Amino acid sequence: MADLAKELEELHASVVRTVRDRIDAGGYDDEGNPKPTSNDDLRVALQLLKQNSVTATLSQDDTAALRSRMASKLDFSALKDKPNVVPMVRPNDAASA
């Protein structure tokens with residue numbers, strides 16, 4: 001069983017390395033023009049990231065800036081002085097319209 005685990009680990013590392021190299025290098029069409037990375041390579045890379053629970057993390061500075069922006073978006077204090085007009089609809093008005 002230990003040999004199988006080692007083989008799977010090496011295979012996984014090889015797949016990761018291959019996909020990484022293909023994404024970094026990009027590709028070329030038949031005429032030698034550069035072409036973007038294929039969607040298949042990107043899909044495999046994302047699957048590998050998910051399988052290995054790799055997630056992006058923000059630095060402390062980025063986190064503080066993000067919290068500040070979100071707090072300013074959730075600040076409704078400017079609305080407290082504005083009148084809140086709600087139109088009244090009566091059942092008889094709706095029927096006659």
Side-chain angles (χ1 to χ4, degrees):
M1 187 69 172
D3 292 334
L4 179 59
K6 183 164 177 59
E7 285 290 323
L8 289 174
E9 182 181 337
E10 290 175 8
L11 179 62
H12 186 267
S14 176
V15 168
V16 169
R17 211 173 17 256
T18 301
V19 170
R20 175 65 192 256
D21 290 343
R22 287 178 16 191
I23 289 174
D24 288 344
Y28 295 92
D29 61 12
D30 295 335
E31 298 172 357
N33 299 320
K35 64 179 184 178
T37 304
S38 74
N39 286 337
D40 290 336
D41 287 339
L42 295 175
R43 192 174 301 114
V44 169
L46 287 174
Q47 287 173 346
L48 289 168
L49 290 172
K50 284 182 182 179
Q51 287 173 354
N52 292 295
S53 299
V54 176
T55 57
T57 57
L58 295 173
S59 69
Q60 271 187 324
D61 295 337
D62 292 339
T63 303
L66 181 61
R67 283 185 182 158
S68 173
R69 281 198 314 252
M70 291 184 75
S72 68
K73 287 183 180 185
L74 295 174
D75 181 18
F76 298 108
S77 61
L79 297 176
K80 71 178 179 180
D81 296 332
K82 294 188 177 188
N84 187 5
V85 179
V86 179
M88 299 271 305
V89 178
R90 294 184 185 98
N92 293 341
D93 294 341
S96 63

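Here, residue 1 is the first one in the sequence, and each next residue gets the next number. The structure presented is a predicted model; accordingly, all values stated were derived computationally and were not measured.
Put simply, the side chain of Thr18 gets close to the backbone of Ser14: a donor and an acceptor are under 3.5 Å apart.
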For residues 41-48, please give each side-chain donor-acceptor pair under 3.5 Å, one per line with the distance, not counting sequence neighbours.
| residue | atom | partner | partner atom | Å |
| --- | --- | --- | --- | --- |
| Asp41 | OD1 | Arg22 | NE | 3.2 |
| Asp41 | OD1 | Arg22 | NH2 | 2.3 |
| Asp41 | OD2 | Arg22 | NE | 3.2 |
| Asp41 | OD2 | Ser38 | OG | 3.3 |
| Arg43 | NH1 | Asp40 | OD1 | 2.8 |

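Using a 4.5 Å heavy-atom cutoff, the side chains of Leu66 and Arg69 are in contact.
For Glu10, the CD atom sits in a packed shell: over 12 heavy atoms of surrounding residues, nucleotides or ligands are nearer than 6.0 Å.
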